[in-house]
Each structure stands twice: as structure tokens, then as C-alpha cells.
Amino acid sequence: MEKFTQHTGVGAPLRRSNVDTDQIIPAVYLKRVTRTGFEDGLFAAWRSDPEFVLNQDSYRDATVLVAGPDFGTGSSREHAVWALQNYGFKVVISPRFGDIFRGNSGKAGLLAAQVDDKVVAALWDYLEANPGASVSVDLEARTVSAGEGPDRIEDSFTIDDYTRWRLLEGLDDIAITLSHEDDIVAYEGRRLSFKPATL
Amino acid sequence: MSKTLAEKIWDDHVVRQATGEPDLLFIDLHLLHEVTSPQAFDGLRLSGRAVRHPELTLATEDHNIPTTDLDKPIADPVSRTQVETLRRNAEEFGVRLHPMGDIEQGIVHVVGPQLGLTQPGMTIVCGDSHTSTHGAFGSIAFGIGTSEVEHVLATQTLPQAKPKMMAVEVTGQLSKGATAKDLILALIAQETTGGGQGYIVEYRGEAIRALTMEERMTICNMSIEWGAKAGLIAPDETTFEYIKGRPHAPEGEQWDEAVAYWRSLVTDDGAYFDKVVTLDAAQVTPFVTWGTNPGQGVPLSEAVPSPADFDDPIQREAAESALRYMGLEAGTPMRDIKVDTVFIGSCTNGRISDLRRAAELIKGHKVADGTRVLVVPGSVRVRLQAEEEGLDVVFKDAGAEWRGAGCSMCLGMNPDQLTPGERSASTSNRNFEGRQGKGGRTHLVSPDVAVATGVLGHLASPADLEKAGA
Ligand code: SF4
């Protein structure tokens, strides 16, 4: 997993709450055998609507999604996180996330930044008034910011310490486990010799 | 300090322990199949990682495998892609695979024990919730998600928080008309589908000791259906006997060493269980489900319950919606329920002893008009063994269909599916809405009840068969 310290990219205002994982990617798109290519199924039901935010030129290349509360509730499918990442998103900002979605995000390296309702509202207004504008997220300082001068939005976001540490270090669960290589090798050395092998 | 069986196995597999972190456990055996493994292999590829211990990994094709036209390519393109992907991945990463057509192919939870790869005192995982089956040998075995599959492939370990310990004391002995399947269905109805949540469950007591290995697998298989993390049974002479001589069983001195270790795998006197539940085996009679979760079951001799019978509002509502989906009236005697299709198979009841018992019962009978009976062996070996014993002829003479090996109608991912409204009596483990096909209605039963039902055309037990003189 790549280290995540800070990111600046085009923000897409998704003015909806309770976007569950079925809406993020419907079940019919889960049949792929890769962890990539799920961008086709991202928000599938809305993508045919020309008014949908990601169908507008200025937001097409967005990497920061700004959504309403209870983003990512419902089914545990990891494909929801993969679909967002496959599309190009690095960060999702929301006042509240579904538990499993937040866990899956941490595993996969997508930053789920939890902010105050009013920050989301301010970002929505700003991004709609300035299509294609950027949002910056600093994981070290735990801040999210956008705009210049008197309109500047800057506030803090919450993320649990363990996930933040893993993202900053670029460690996925596997990388963390592999950092205990010595322990694994030691265990392998003391395994009982009669245990079965398949090869 | 006194320890439970599960604690002993757990402690023997701890690679690393640190406060505030889950234990890192070593995994002795990782089983793979085509549905939950593709993204895990893809993840390895993306991060440039290898399979750490291909020699502790085994893959089979089971979920998508058709059970007819075995010589033709799989017709459904999605199923075919998943199977072909597994083949490519196994080749690329050096993992042993038993593909369709291979003599060792079959349902992953039938194949492991059959090869002698499932042994006492192991940690066994698979991207499939019925991995609990392998606990019958006195191992900690549980299902995992796709990210965890990747984690095990890359590291052969898994971070796990230690579950609580539960003992299920099964006293007395099963009566002649009752089977291991009835016992586990009765237990799940007693404890409800969430009763085992957060626990590793040890099935103990006289009745459990008396079970054969394949009956023990039926019990442990359904641990997940009442929410348990894993279910296990202490190994004993029955276990050793079953393993001895199988392709991957230890031999010579290794065998003696292994047995000596396996004998130590019992719960110590005075070990602490966080929870103990009891069940009197002698009270168990043929048991069937009426609803849409495995906990919604009653003895065959009873009637479909009324939602009003349930005090708990959530259970009452679940009963209402289950009756609606199942198309059943409260108060209908279970025996009056007509069945269209009987499925004998799955990782719960698709082993040779299940088929022998079913063949013995169906011999000399005919499948009822308007009912079809599908017999699907759990593995190619089981199929060949059954054919050698002439069981296939017995089934066919009775008018049942004899199929190739696989998961088949257990989950309807291959073409073996129920049509909307079609009602089945199934020896599998899940009666969820749509599990066996969209709109299909499933009653979970033992192989005994399955056969009697197939012959009489309504839910019935072997005793009913005798009475009917059919
Ligand atoms: S037989 Fe059914 S429960 Fe068993 S592994 Fe196959 S699909 Fe799963």
C-alpha cells in the first residue's frame, strides 16, 4: 500500500445521505474475478443520469468525494471500496460512515475522513460554486481545506489512531504482519514435523 | 492451568502476542475454491507477493461445477470465468488444484478430510463459512473473507481476537430413528441462529463420542448456522481410525508421534467455559425446518408454528415473513407439506455414509409421482465409491437422478436450481430465501427424511415409509 500523507485533488459534491454499498456498487457488478475494473459499476444506477455529478466534465476527474452522512452502510462487500478506488478516488469525506465500509477502506488504503456536518455543507457550496476546484486533505495534521481568502474552508477531521498510523506508514494488514517476519520464521521453525503438506 | 481443547490448539498456533493487538495465528491448512479467491490472488499480483506456503494450500473447484454434461465446457460464462481464473492462479502461484474431471475434485470440505489433510490440532481456514466442518477432527477451522484469504496466502498467518469458549453437552444417546442431522437442527432451533455468536463451541458428551467421523462432520458443518466462530469435537480412536492410511496421514514413527500429540487434545478437567448449553440426545426425533433460517425448525411430528407462539417481537416478525415466503399456514402438520424436489448432497450430508444410508432406505421403493430426487455426491471419490457399491443403480432403479460431484443445489450457483415457488427437502445447511434458486422454498432435513419424503411426496420419516408399506 502507498503511504498517504496528504492529497489535493478535484472535489466532487455528492449531495446525498445514506449512500449504502448497494448504491455504491450493485450486486450484478460483483462477478468480476479481479480487484480492479469495478469503476464501471460505481454508482451504476446514477451514472446514466447526465445530471449526476460525475457525469459533468468539471467533476469527472474527481479524487475527493464529499458525501452526506451514513456513507457506505449495508452489505459488507469490499467491492464498494475497490470501485471508488478504481474510479480514482483517494479520499471520501462524510459526517458518518458505515462501520464495515470504514474498516474496509482502512484495509485498502482509501482515506475515510469524518468531518462535521457543517464542513460537508460548506464544501458542497464551495465545490458547486467553483466546479473543478480542489480539496486538500492532510492526514498528518488531520485537516481538510479548500478555497482561498475569506471563503477558505479549513477544519479538522477524525480518523482512529491505528488506521491513521497504518495509512501514514503505507502499511496494509499484510505488510504489518510481514513486519513480524522474525516471529513467523521462528514459529515455522518449531512447527510439528508430522503436520500434513499438500505438495 | 486447565485449558479447553480449543485453547490448547489456539495457544499452539500463536506466532505473536502483544497487548492491545489481536493474536497472530499460524494457519496449518488453507483451502481455496473458485468463488472467493480471485481478488485475493489479484491482490498478491498487484503487490508483487508470492504464496508463502503453497505446500499448506489446496484448491478445488466446487461451487460453480455443473453436475451433468461433465465432458462439456461450463455453459454459464461467469461460472466458467471463475473456474478458469482459479486454474490460472493455481498454475501461476504453484498451488495444487483439483479441477473438474480430476479424481480428487469435490466440495472443498469433503475433499480435505478424504485426503487425510484434515487432522487433529490444526488451524484450517477457507473463504467459505462451512469450513467449520473440519472441526470434527479436533481442529480450529473457520471461514474467512477475501482480504483474509489474501493475508493467509501471503503470510500463512491471520490476526485473530480470541473468541469465548462454549461447551455443548449432549447427554444420552440418539434413538434409532434420529440422526446427527436431526441433533444439530434441534440444537440450532433451541439456541437460535445467533446463539453461538462470538464462541468457539466444543460438542461433548456421550452422544457425540458415539458418532462416526462423518456424523461428527455433519454436526460441526452447521456450527456457523447458529453463529459460532468454529465448532469442534475432541479427537479419539474414531478419529485416528478414520485418518489412518489416508493419502496425507502420517506414517510410521510420525504416526506414533502424531497420535501421542493428538491424545493430549482434550479439554482438561476443571477448564473454564464461558457458557455451557445442554441437549438430551435421547429426546431428539426427526427434525425439519419450516422457515427461512436454520433455527426455524420443529420435530417432524409437529405442525408449522404460529407467529403468535413467539414472545420475542423480532422472532415473531421473522416467522411471519418466513411463512409468507414459504407459502405455509400456521398449524399445518409438517407431514402434510408436499415436496417437489429432494436434494441429497452438500458438504453437510454428501459423504459416502450418507449415500449408503439413503440407498439402503430407498431400495425397493419408487420416487413419488410429481417428485424428483437428486443425488449429488460430495466428491468424485464418493461418487466412484458409491458406484462401486452399486448405490447409483439403487438410486436410479428407484427413479432418482444420479449426478456428478459438487455443491450443486446447495446454493444454486450451477444450473441445479429451484424455480420460483418450488419446494424442496434438502440435506444441505441453508434454507435462506432464494438460496437454492430465486423463489425456491427449502426445508432442511436429514438424508433419512429426504428419502422417505422422496418416496411419499410429502415430508416424512423412514418410520412413515414402513407404516405406508410403500
Ligand atoms: S455444499 Fe453448499 S455449504 Fe457446502 S461448500 Fe458447497 S455451497 Fe457451501
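Below, chain A is the first sequence line, B the second, and so on; all start at residue 1. Side chains are part of it too, since the values below use all heavy atoms of this structure and drop only hydrogens, waters and symmetry mates.
Looking at every heavy atom in both residues, Tyr187(A) comes nearest to Val14(B) through CD1-O, 3.8 Å. In terms of heavy atoms, Asp173(A) sits closest to His151(B) at O-NE2, 3.5 Å. Across every non-hydrogen atom of Leu117(B) and Pro196(A), the tightest pair is O-CG, 3.4 Å. In this structure, Arg35(A) and Thr146(B) approach most closely via the heavy-atom pair NH2-CG2, 4.2 Å.
Proximity to chain A involves both the backbone and the side chain of Ser147(B), based on heavy atoms less than 4.5 angstrom apart. For Leu158(B), no part lies under 4.5 angstrom from a heavy atom of chain A. Heavy atoms closer than 4.5 Å to chain A are found in both the backbone and the side chain of Pro54(B). The parts of Leu56(B) that come within reach of chain A are both its backbone and its side chain, each placing non-hydrogen atoms under 4.5 angstrom from that chain. Of the atoms belonging to Val35(B), not a single heavy atom falls under 4.5 Å from chain A. With a 4.5 Å cut-off on non-hydrogen atoms, Ala175(A) touches chain B through its backbone and its side chain both. With a 4.5 angstrom heavy-atom cutoff, His53(B) touches chain A only via side-chain atoms. Neither the backbone nor the side chain of Gln156(B) has a heavy atom closer than 4.5 Å to any heavy atom of chain A. For Phe194(A), the parts sitting under 4.5 Å from any heavy atom of chain B are the backbone and the side chain alike. Contacts of Ile176(A) with chain B are absent, with no heavy-atom separation under 4.5 Å from either backbone or side chain. With a 4.5 Å cut-off on non-hydrogen atoms, Glu257(B) touches chain A through its backbone and its side chain both. Of the two parts of Phe41(B), neither the backbone nor the side chain holds a non-hydrogen atom closer than 4.5 Å to a non-hydrogen atom of chain A. Contact of Arg45(B) with chain A is not made at all, since no heavy-atom distance falls under 4.5 Å. Proximity to chain A (any heavy atom under 4.5 Å) is shown, for Ser37(B), by neither the backbone nor the side chain. Using a 4.5 Å cut-off between heavy atoms, Thr85(B) touches chain A through its side chain atoms alone.
For the pair Thr157(B) and His180(A), the minimum side-chain heavy-atom distance is 4.5 Å or more.
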Apply salt bridge (Lys or Arg N to Asp or Glu O under 4.0 Å) to residues Lys195(A) and Asp12(B) and explain how you reach the verdict.
CA-CA 13 Å; Lys195(A) 292 276 172 106; Asp12(B) 278 354; over 6 Å; no

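Chosen from Glu181(A), Arg190(A), Arg191(A), the residue pairing most often with chain B at heavy-atom distances under 4.5 Å is Arg191(A).
The ring-ring contact (aromatic ring centres under 6.0 Å, His included) check on Phe97(A) picks up nothing, with sequence neighbours excluded.
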